[in-house]
Amino acid sequence: MITSTSNARIKEIRKLQVDRRTREAERLFVVEGDRWLQELVRTETRPHLILTTPDWLKESAHAALLAQLDAPYLLVNGAVMAAASDTQTPPGVLAVVPQPIWTLPIAPTLLLLLDRVQNPGNLGTMLRTAAAAGVEAVLLSPGCVDAYNPKTVRGGMGAQLRLPILRLNWAEIAAATHDLAVWVAAVDDPATPYTQINWSEPSVLIIGGEASGAGGEAMELARGRVTIPMAAATESLNAAVAAAVILFEAHRQRGL
């Protein structure tokens with residue numbers, strides 16, 4: 001059992017938690033807790049390594065879950081788990097997981113393009129929502145937070161393993177969306193209410209960053225602006241909430 005927080009493996013895991021460049025170079029990320037391990041089983045994703053405490057492992061359901069994953073694991077004490085974890089209350093188990101290699105779907109009918117979204121929790125929520133609403137891929141523009149940031153991973157609730165997520169430059173984004181109807185969410189006029197858009201045609205929804213919305217490159221791709229009519233003096237919605245409202249209208253129209 002590992003009892004030292006100075007252990008080289010623990011340092012490597014901690015670096016994956018805190019450093020985007022390490023995650024990108026190694027093409028690995030860290031997931032924590034029972035629900036994520038269950039998602040690994042559902043998606044047939046084999047971890048590179050699992051850390052667990054003896055207290056977590058002593059439960060028969062946990063031992064069975066570990067057996068299903070058929071991956072190497074290390075026992076650690078509570079202090080080491082706390083050092084490796086990114087949460088204030090470590091769940092007793094975490095796994096180092098390979099980042100999926102995604103390609104753009106052929107002839108997509110609904111894409112979500114996120115431009116300069118920098119809040120990791122918001123990004124995680126939007127990934128989870130996109131997966132639930134039948135989005136076929138999420139495109140991340142330059143300037144977006146990492147989809148494998150620990151807070152994004154917690155918010156995504158498994159979306160990172162089920163939904164194609166591609167970080168592209170603007171030339172690649174333009175090529176990927178060329179034959180699609182591109183709409184950018186906006187709060188200013190002129191804009192079309194989201195219920196009046198024909199989402200049954202192949203479409204892209206652009207959601208801009210929390211602070212300044214979509215940038216110039218995104219606006220150049222758009223056929224028009226889409227808005228969510230709001231009551232009272234409310235100026236705007238949280239980016240993740242706006243994405244959910246519009247995407248589930250598209251989901252409704254598409255009859256999925």
Side-chain angles (χ1 to χ4, degrees), residues 1-43 45-57 62 65-66 69-102 114 116-128 130-131 138 140 142-167 209-210 240:
M1 182 169 70
I2 297 176
T3 59
S4 172
T5 58
S6 298
N7 179 276
R9 302 295 287 275
I10 304 307
K11 288 183 175 180
E12 290 170 5
I13 292 170
R14 189 63 202 160
K15 198 169 183 182
L16 287 171
Q17 294 274 36
V18 301
D19 185 32
R20 176 175 182 166
R21 287 176 296 180
T22 298
R23 291 192 295 270
E24 291 175 347
E26 301 292 334
R27 294 210 56 83
L28 298 170
F29 68 112
V30 181
V31 303
E32 302 191 41
D34 297 12
R35 292 182 66 178
W36 253 105
L37 262 65
Q38 291 162 2
E39 190 65 36
L40 296 179
V41 171
R42 280 192 290 269
T43 58
T45 301
R46 189 174 187 269
H48 280 216
L49 178 68
I50 298 172
L51 294 189
T52 175
T53 62
D55 284 345
W56 184 88
L57 188 57
H62 292 165
L65 183 58
L66 200 62
L69 288 167
D70 188 29
Y73 71 93
L74 297 172
L75 286 175
V76 301
N77 65 15
V80 172
M81 180 61 73
S85 173
D86 189 68
T87 63
Q88 290 186 341
T89 307
V93 65
L94 62 76
V96 178
V97 180
Q99 294 183 18
I101 299 174
W102 297 111
L114 302 178
R116 302 182 301 178
V117 172
Q118 297 180 348
N119 182 295
N122 272 352
L123 177 57
T125 299
M126 284 190 271
L127 295 177
R128 183 180 181 184
V138 175
L140 303 180
C144 277
V145 67
D146 180 20
Y148 301 97
N149 176 291
K151 291 185 176 64
T152 308
V153 169
R154 289 196 291 275
M157 293 297 292
Q160 281 86 350
L161 299 180
R162 292 183 275 108
L163 175 69
I165 303 166
L166 297 98
R167 190 172 70 249
E210 300 84 1

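Here, residue 1 is the first one in the sequence, and each next residue gets the next number. Heavy-atom basis, side chains included; hydrogens, waters and symmetry copies ignored. Source: prediction; values computed, not measured.
Looking at heavy atoms from C-beta onward, Val80 lies out of side-chain contact with Ser4 at the 4.5 angstrom threshold. The shortest side-chain heavy-atom distance between Leu94 and Val31 does not fall under the 4.5 Å cut-off. Inter-residue side-chain proximity for Pro98 and His48 is flagged as met; some heavy-atom pair is nearer than 4.5 Å. Between Leu114 and Cys144, the closest side-chain pair of non-hydrogen atoms falls below 4.5 Å. Side-chain contact between Asn77 and Ile2: absent, with no pair of heavy atoms (C-beta onward) separated by less than 4.5 Å.
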**Asked** What do the steps show when you test Thr53 against Leu75 for side chain to side chain contact (heavy atoms under 4.5 Å, CB included), and what is the final call?
**Response** CA-CA 5 Å; Thr53 62; Leu75 286 175; over 6 Å; no
**Request:** List the steps, then state whether side chain to side chain contact (heavy atoms under 4.5 Å, CB included) holds for Ile165 with Leu127.
**Result:** CA-CA 9 Å; Ile165 303 166; Leu127 295 177; 3.8 Å; yes
**Request:** I would like to know whether Val97 and Val30 meet side chain to side chain contact (heavy atoms under 4.5 Å, CB included); could you show each step before the answer?
**Result:** CA-CA 6 Å; Val97 180; Val30 181; over 6 Å; no
**Request:** Begin with the C-alpha distance, continue with both residues' side-chain angles, and end with the deciding distance and a verdict on side chain to side chain contact (heavy atoms under 4.5 Å, CB included) for Thr152 and Gln160.
**Result:** CA-CA 9 Å; Thr152 308; Gln160 281 86 350; 3.8 Å; yes
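Scanning all heavy atoms of the two residues, the minimum distance from Ala71 to Pro47 falls at CB-O, 3.6 Å. Counting all heavy atoms, side chain and backbone alike, Ala147 lies closest to Val153 at O-CG2, 4.2 Å. Of all the heavy atoms in Val138 and Ala130, the pair that sits closest is CG2-CB, 3.9 Å. The shortest heavy-atom contact between Pro120 and Val145 is CA-CG1, 4.0 Å.
Under 4.0 Å is where a charged nitrogen must lie from a carboxylate oxygen, and between Glu24 and Arg21 no such pair does. Classification of Arg154 and Asp86 as a salt-bridged pair holds, one side-chain N sitting under 4.0 Å from a carboxylate O.
Judged purely by atom type and a 3.5 angstrom limit, His62 uses its side chain to pair as donor or acceptor with the backbone of Trp56. In this structure, Gln99 contributes its side chain and Glu26 its backbone to no donor-acceptor pair below 3.5 Å. Looking only at distances, a side-chain donor or acceptor of Arg23 sits under 3.5 Å from a matching main-chain atom of Leu16. Under a 3.5 Å cut-off, the side chain of Glu39 and the backbone N or O of Leu161 do not form any donor-acceptor pair.
Pro91 pairs by the side chain to side chain contact (heavy atoms under 4.5 Å, CB included) definition with Glu32, Ser85, Thr87, not counting sequence neighbours.
Asn149 contributes atom CG, which lies 9.5 Å from atom CD of Gln17 (distance to the nearest 0.5 angstrom). Between atom CZ of residue Arg46 and atom CG of residue Leu69 there is a gap of 9.0 Å, rounded to the nearest 0.5 Å. A distance of 8.0 Å separates CE of Met126 from CG of Asn119, quoted to the nearest 0.5 Å. Note that the CD1 atom of Ile50 and the CG atom of Leu65 stand 7.5 Å from one another [nearest 0.5 Å]. Atom CG of Leu49 and atom CD of Glu12 lie 9.0 Å apart (nearest 0.5 Å). Here the CG atom belonging to Leu74 is positioned 10.0 Å from the OG1 atom belonging to Thr52, to the nearest 0.5 angstrom.
For the side-chain contact (heavy atoms from CB on, under 4.5 Å) with Leu140, the qualifying choice from Leu123, Val117, Asp146 is Leu123, the only one to do so.
No more than 12 heavy atoms of other residues, nucleotides or ligands lie within 6.0 Å of CZ in Arg35, so this atom counts as exposed by the packing criterion. Within 6.0 Å of CZ on Arg162 lie more than 12 heavy atoms contributed by other residues, nucleotides or ligands.
Among residues at least two apart or in separate chains, ring pair (Phe, Tyr, Trp, His ring centres under 6.0 Å) pairs with a member in residues 20-42 are Phe29-Tyr148.
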